[in-house]
Trainee: 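Before I ask anything, let me first share the structure, which is written out below as structure tokens.
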Amino acid sequence: MHLSKHHGLGNDFLVVLEATNGPLPNSPDLARALCDRHTGIGADGLIWGGVSDRADVAFRLHNADGTEAEISGNGLRCLVQAHLRAAGLHEGTVTVATPGGVRQAVATAASDPLTLSVLAEMGPVSAGPTLPAVVGEMGFAQAATGSVGNPHVVLLGAGSLVPDLTSIDLAKVGRRVEDAIPGGANVHVVESVGPDTLVMRSWERGVGLTEACGSGATVAAWVARTWGLVGDRVTIRMPGGEAVVELGETEASLVGPATFVADLETP
Ligand SMILES: N[C@@H](CCC[C@H](N)C(=O)O)C(=O)O
């Protein structure tokens with residue numbers, strides 16, 4: 001099988017294209033094996049890029065633990081880069097069929113030849129899962145949920161028991177909150193650090209701590225706007241780098257990089 005590895009702000013994905021490989025196995029076990037950082041190639045998830053009659057390419061994602069996710073902001077950009085590279089292109093507009101609908105992405109070359117800057121539609125932002133009671137005991141200033149197809153919990157730091165984000169044991173908090181939600185959720189802690197700017201750290205369903213989460217950034221910006229902290233164009237600073245979220249009335253878009261790492265062949 002031919003794969004390529006990419007990352008969006010340190011959130012890394014393996015991509016397998018049906019156009020290059022023929023019919024895809026879409027196997028959670030294979031995804032789990034290849035994403036293992038000790039015995040596999042290592043990644044936060046594996047994206048199956050299928051042939052689609054609705055769009056240029058179809059998106060299907062298995063997290064590192066083999067569970068399936070509905071969407072990924074960083075993963076979408078990585079798939080767009082893989083699709084363009086397979087056609088010998090370094091920029092262009094690509095439509096992607098996701099489980100939640102078709103999303104358009106516009107990729108432009110960046111100064112680094114391995115990186116594209118991609119503006120991607122993230123679709124409508126809707127209500128997320130019910131906030132579990134355990135969040136009330138954690139002392140965050142605010143808490144809310146949202147969804148762009150996949151579920152997110154957003155916790156605002158600087159509450160009574162939470163002086164700043166660095167004091168949070170996110171692996172513990174994330175696991176506790178995730179376990180209290182049927183089906184799990186991605187859990188993010190955010191802090192407002194300037195006009196239209198948030199700092200965010202993420203615990204991801206099916207992965208654990210990650211360097212960045214694009215769908216999480218989208219929901220965090222949306223929720224922060226409802227809290228009156230930001231306007232319609234929000235910069236999100238994550239451990240892996242910055243992304244920009246553009247918020248409309250009902251829908252959102254995400255701008256960030258996709259960086260090519262390697263082409264790989266599995267036996
Ligand atoms: N990191 C991704 C989200 C990947 C899916 C997530 N772990 C889930 O299970 O919902 C992003 O950039 O959005």
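For ligands, and for the atoms within them, numbers begin at 1 and follow the listed sequence. FYI, side chains are in, hydrogens and waters are out, and symmetry mates aren't considered; it's all heavy atoms of this structure. The structure displayed is predicted, hence computed values, not measured ones.
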Trainee: Kindly confirm or rule out an N or O of G75 lying under 3.5 angstrom from an N or O of ligand 1.
Mentor: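 N/O-N/O distance under 3.5 Å: no.
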Trainee: Would the number of heavy atoms belonging to other residues, nucleotides or ligands and lying under 6.0 Å from CZ of R233 be above 12?
Mentor: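 No, because the 6.0 Å sphere around CZ of R233 holds 12 heavy atoms or fewer from other groups.
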Trainee: Under 4.0 Å from a heavy atom of R205: give me the atoms of ligand 1 that qualify, with their elements.
Mentor: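 Matching atoms, with element in brackets: 7 (N), 8 (C), 9 (O), 10 (O).
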Trainee: For atom 11 (C) of ligand 1, what's the nearest protein heavy-atom neighbour? Residue, atom name and distance, please.
Mentor: S72 OG, 3.0 Å
Trainee: Only heavy atoms of N63, strictly under 4.0 Å: list the atoms of ligand 1 that pass.
Mentor: 5 (C), 6 (C), 7 (N), 8 (C), 9 (O)
Trainee: With a 4.0 Å cut-off, would you call E70 and R103 a salt bridge?
Mentor: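 R103 and E70: not salt-bridged.
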Trainee: Would I71 count as a contact of ligand 1 if the rule is a heavy atom under 4.0 Å away?
Mentor: yes
Trainee: Just by modelled atom types, is the A109 backbone N or O under 3.5 Å from a matching donor or acceptor in the E91 side chain?
Mentor: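 Pair found, side chain donor or acceptor close to backbone of A109.
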Trainee: Should E204 be counted as touching ligand 1, given the test is an N or O pair under 3.5 Å?
Mentor: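 Yes, E204 has an N/O under 3.5 Å of an N/O on ligand 1.
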Trainee: In plain terms, say whether D169 and R176 are close enough for a salt bridge, that is, a side-chain N and a carboxylate O under 4.0 Å apart.
Mentor: no
Trainee: Would you mind listing which atoms of ligand 1 come within a distance below 4.0 Å of any non-hydrogen atom of A69?
Mentor: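 Those atoms are 5 (C), 8 (C), 9 (O), 10 (O).
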Trainee: I'd like to check which ligand 1 atoms, numbered from 1 as shown, lie under 4.0 Å from a non-hydrogen atom of N74.
Mentor: 11 (C), 12 (O)
Trainee: Side chains of T67 and D65: do they bring a donor and an acceptor to under 3.5 Å?
Mentor: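 A donor-acceptor contact under 3.5 Å links the two side chains.
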Trainee: Quick one: look up the protein heavy atom nearest atom 13 (O) of ligand 1 and list residue, atom name and how far away it is.
Mentor: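 Going atom by atom, the protein heavy atom closest to atom 13 (O) of ligand 1 ends up being S215 OG, 2.5 Å.
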Trainee: Would you call C213 a ligand 1 contact, heavy-atom distance under 4.0 Å?
Mentor: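 The answer is yes, since C213 has a heavy atom less than 4.0 Å from ligand 1.
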Trainee: How about S72 and S215: does a side-chain donor come under 3.5 Å of a side-chain acceptor?
Mentor: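 Per modelled atom types, S72 and S215 side chains form no pair under 3.5 Å.
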Trainee: Is a side-chain N or O of D56 found less than 3.5 angstrom from the main chain of T95, in a donor-acceptor match?
Mentor: yes
Trainee: Could you tell me whether some N/O pair between G214 and ligand 1 is separated by less than 3.5 angstrom?
Mentor: yes
Trainee: Any donor and acceptor pair, going by atom type alone, linking the side chain of D44 with main-chain N or O of F13 inside 3.5 Å?
Mentor: no
Trainee: With no hydrogens and no angle check, is any side-chain donor or acceptor of T20 less than 3.5 Å from a backbone partner on E18?
Mentor: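 Not at all, since once roles are kept as given, no pair shorter than 3.5 Å links the two residues.
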Trainee: At a non-hydrogen distance cut-off of under 4.0 Å, which region of N11 contacts ligand 1 (side chain, backbone, both, or neither)?
Mentor: side chain
Trainee: Is it the side chain (CB and beyond), the backbone, both or neither of N186 that lies under 4.0 Å from ligand 1, heavy atoms counted?
Mentor: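 N186 to ligand 1: side-chain contact only, backbone stays beyond 4.0 Å.
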